[in-house]
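Worksheet for the structure shown next.
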Amino acid sequence: MKELSKTYEIFITTAAMEHPNSFTAKYEWLKEHFPFLSDLNFVFCGNKSIINADYLIDDSPRHFKDFKGQGVLFSAPHNKYKTDYVRVNNWEEVRVYFLK
């Protein structure tokens, strides 16, 4: 992600409103793992389609329904049969996809 942030403007969105008690833990986790991103690039929301972006990487295809950009499905056991989207299996594949 740090390498990608040199080329792309990265925002991390989380549907935290579904679990409002998770806000503090998620924020602290984001600060720990992404210290190179500004706090202003963390978006806590209910519906990720409000994000005006070119790409949305997510493990839940429901977030792509009204999203205007390209959905990129991050593989997880609960989405293994979904075939309608570009799929990545790990963060290394994300890096390769965007830096090709």
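Cluster annotation: Leu73 is connected to Phe67 through the hydrophobic network of ILVMFWY side chains, with a link wherever side-chain heavy atoms come within less than 4.5 Å. Hydrophobic clustering (side-chain heavy atoms under 4.5 Å, transitive across Ile, Leu, Val, Met, Phe, Trp, Tyr) keeps Phe23 apart from Ile50. By the criterion of side-chain heavy atoms lying less than 4.5 angstrom apart, applied directly or through intervening Ile, Leu, Val, Met, Phe, Trp or Tyr residues, Val88 is grouped together with Met1 in one hydrophobic cluster. At a threshold of 4.5 Å between side-chain heavy atoms, the hydrophobic network of Ile, Leu, Val, Met, Phe, Trp and Tyr places Phe11 and Phe42 in two separate groups. Under the 4.5 Å side-chain contact rule for hydrophobic residues, Tyr8 and Leu37 share a cluster.
Put simply, CD on Glu93 and CZ on Phe74 are 8.5 Å apart, with the number rounded to the nearest 0.5 Å. Distance check: Tyr85 OH to Asn79 CG gives 10.5 Å after rounding to the nearest 0.5 Å. Expressed to the nearest 0.5 Å, how far OH of Tyr97 lies from OH of Tyr55 amounts to 5.0 Å. Here CG of Leu4 is found 5.0 Å from CG of Leu99. Values are rounded to the nearest 0.5 Å. Between Asn41 atom CG and Ser5 atom OG the span is 9.5 Å, to the nearest 0.5 Å. Considering CD1 of Ile12 and NE2 of His33, their distance stands at 10.5 Å, rounded to 0.5 Å.
When all heavy atoms of Leu56 and Phe64 are compared, the closest pair comes out as O-CE2, 3.3 Å. The shortest heavy-atom contact between Ser22 and Ala16 is OG-O, 4.2 Å. Taking each heavy atom of Tyr27 and Asp39 in turn, the nearest pair found is OH-OD2, 2.6 Å. Contact detail for Ile57 and Phe98: the closest heavy-atom pair is CD1-CE1, 3.8 Å. The shortest heavy-atom contact between Ala15 and Gly46 is CB-O, 4.0 Å. Taking both residues in full, the closest heavy atoms of Lys26 and Phe44 are given as CB-CE2, 3.9 Å, listed atom of the first, atom of the second, then distance.
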Using the side chain to side chain contact (heavy atoms under 4.5 Å, CB included) rule, take Val72 and Gln70 through it: C-alpha gap first, then chi angles, then the decisive distance, then the call. CA-CA 6 Å; Val72 177; Gln70 167 73 48; 4.2 Å; yes
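Sorted by first then second residue, the salt bridge (Lys or Arg N to Asp or Glu O under 4.0 Å) pairs that include residues 52-62, not counting sequence neighbours, are Glu18-Arg62, Lys48-Asp58.
A salt bridge is absent between Glu28 and Lys31: the closest approach of a Lys/Arg side-chain nitrogen to an acidic carboxylate oxygen does not fall below 4.0 angstrom.
With hydrogens and angles ignored, the 3.5 Å screen pairs a side-chain donor or acceptor of Arg87 with a backbone N or O of Lys82.
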